[in-house]
Amino acid sequence: MKKIINAIFYVLKFLLFLGAFGLTLMIIVQMNTRLNKGFMTTINVFIPFLLLLILFVINLILKQRSVTNQLFYNITCCLVFAVIIYVGYRAMMDKNMVLNDKYGYGIDFNYFNNFVSYLKIMLYGLCIGNIFFMFHEKEKKAN
């Protein structure tokens with residue numbers, strides 16, 4: 001049962017990663033368009049996404065079971081990506097936010113901008129956890 005749940009969360013992790021990245025990219029691009037800024041000014045938001053993608057590819061290529069078989073890590077990844085999607089969705093769709101209606105952009109950029117620092121903290125935490133699990137040696141079972 002644990003292997004089935006782990007497999008579900010492992011696949012869901014990649015789907016939610018794509019959704020979180022796409023939604024964040026869309027909101028950041030629209031925010032930069034509104035402020036007449038270039039994309040390079042907010043590239044630091046996407047560095048943890050890139051690091052996490054590189055670590056996911058390394059885990060897939062090298063078939064590192066110490067990372068892929070960690071149920072806790074897979075659930076944590078799913079929760080982090082789900083929170084990013086939820087905040088992005090709420091910034092776009094919540095019509096009860098004052099600034100969403102006041103400015104008429106359809107997205108509350110201030111709400112999402114306040115979340116960006118927490119987004120980076122969570123993604124860097126996933127990167128650090130992935131690196132720790134990559135070099136984690138399995139404990140030997142006592143006979």
Side-chain angles (χ1 to χ4, degrees), residues 1-139 141:
M1 186 69 179
K2 181 180 174 184
K3 288 184 180 183
I4 294 171
I5 293 173
N6 191 29
I8 290 170
F9 280 115
Y10 182 71
V11 172
L12 188 63
K13 172 175 69 171
F14 293 112
L15 296 175
L16 290 174
F17 175 76
L18 291 175
F21 176 75
L23 193 61
T24 304
L25 179 67
M26 184 182 78
I27 292 173
I28 293 293
V29 166
Q30 288 183 1
M31 187 182 343
N32 286 344
T33 303
R34 180 180 73 90
L35 298 173
N36 293 326
K37 287 178 146 182
F39 184 73
M40 296 307 283
T41 59
T42 57
I43 197 72
N44 61 352
V45 175
F46 298 104
I47 290 173
F49 279 111
L50 180 65
L51 288 174
L52 207 54
L53 179 66
I54 290 170
L55 289 171
F56 285 166
V57 169
I58 289 172
N59 292 335
L60 284 173
I61 290 174
L62 298 179
K63 298 179 183 175
Q64 296 190 350
R65 301 288 177 220
S66 60
V67 179
T68 58
N69 290 338
Q70 289 291 331
L71 180 63
F72 178 71
Y73 180 72
N74 290 332
I75 291 173
T76 305
C77 284
C78 289
L79 287 174
V80 166
F81 297 141
V83 165
I84 294 169
I85 290 171
Y86 174 75
V87 169
Y89 177 75
R90 184 164 180 221
M92 289 178 18
M93 299 296 176
D94 193 359
K95 300 302 178 196
N96 293 324
M97 289 190 180
V98 175
L99 294 177
N100 196 353
D101 284 336
K102 181 179 177 183
Y103 294 123
Y105 292 113
I107 298 175
D108 189 358
F109 295 117
N110 291 330
Y111 177 73
F112 191 78
N113 194 29
N114 291 336
F115 175 71
V116 167
S117 60
Y118 300 111
L119 176 140
K120 291 194 280 188
I121 289 170
M122 289 188 294
L123 291 178
Y124 281 126
L126 289 178
C127 292
I128 291 169
N130 194 335
I131 291 170
F132 282 158
F133 283 129
M134 284 171 67
F135 298 113
H136 174 70
E137 294 183 22
K138 289 207 173 217
E139 297 175 4
K141 293 184 180 178

Requested in this report: Can you see which heavy atom on Lys120 is nearest to which on Val45, and at what distance?
Outcome: CD-CA, 4.3 Å
Report task. Mind checking the CD1-CD spacing from Ile75 to Gln70? Nearest 0.5 Å is all I need. Result -> 11.0 Å
Query raised in the report: When rounded to the nearest 0.5 angstrom, what distance separates CG in Leu52 from CE in Met122?
Result: 12.0 Å
Requested in this report: Sorted by first residue and then second, give each side-chain hydrogen bond (donor to acceptor under 3.5 Å, both in side chains) pair with at least one member in residues 45-63; sequence neighbours left out.
Outcome: Asn59-Asn130
Query raised in the report: Should the heavy atoms of other residues, nucleotides or ligands under 6.0 Å from CZ of Phe72 be counted, would the total exceed 12?
Result: no
Query raised in the report: Under 4.5 Å between any side-chain heavy atoms of Phe81 and Leu123, yes or no?
Result: yes
Donor-acceptor pairs under 3.5 angstrom involving side-chain atoms of residues 4-29: please list them, not counting sequence neighbours.
{"unit_1": "Asn6", "atom_1": "OD1", "unit_2": "Asn74", "atom_2": "ND2", "d": "2.6"}
{"unit_1": "Asn6", "atom_1": "ND2", "unit_2": "Thr68", "atom_2": "O", "d": "3.2"}
{"unit_1": "Lys13", "atom_1": "NZ", "unit_2": "Asn74", "atom_2": "OD1", "d": "3.2"}
{"unit_1": "Thr24", "atom_1": "OG1", "unit_2": "Ala20", "atom_2": "O", "d": "2.7"}

Requested in this report: Evaluate the side-chain proximity of Leu53 to Phe49: yes if any heavy-atom separation is below 4.5 Å, no if none is.
Outcome: no
Query raised in the report: Less than 4.5 Å apart, any side-chain heavy atom of Phe56 and any of Leu60?
Result: no
Report task. Of all the heavy-atom pairs spanning Pro48 and Cys127, show the shortest one and how long it is. Result -> O-SG, 4.0 Å
Report task. Find the distance between CG (Asn113) and CE (Met31) and round it off to the nearest 0.5 Å. Result -> 5.0 Å
Query - CD-CZ distance between Gln30 and Phe112, expressed to the nearest 0.5 angstrom - result: 11.0 Å
Query raised in the report: Under a 4.5 Å cut-off applied to non-hydrogen side-chain atoms, are Thr42 and Lys37 in contact?
Result: no
Requested in this report: Please examine the side chains of Leu62 and Met134, heavy atoms only from C-beta on, and report whether any two atoms are closer than 4.5 Å.
Outcome: no
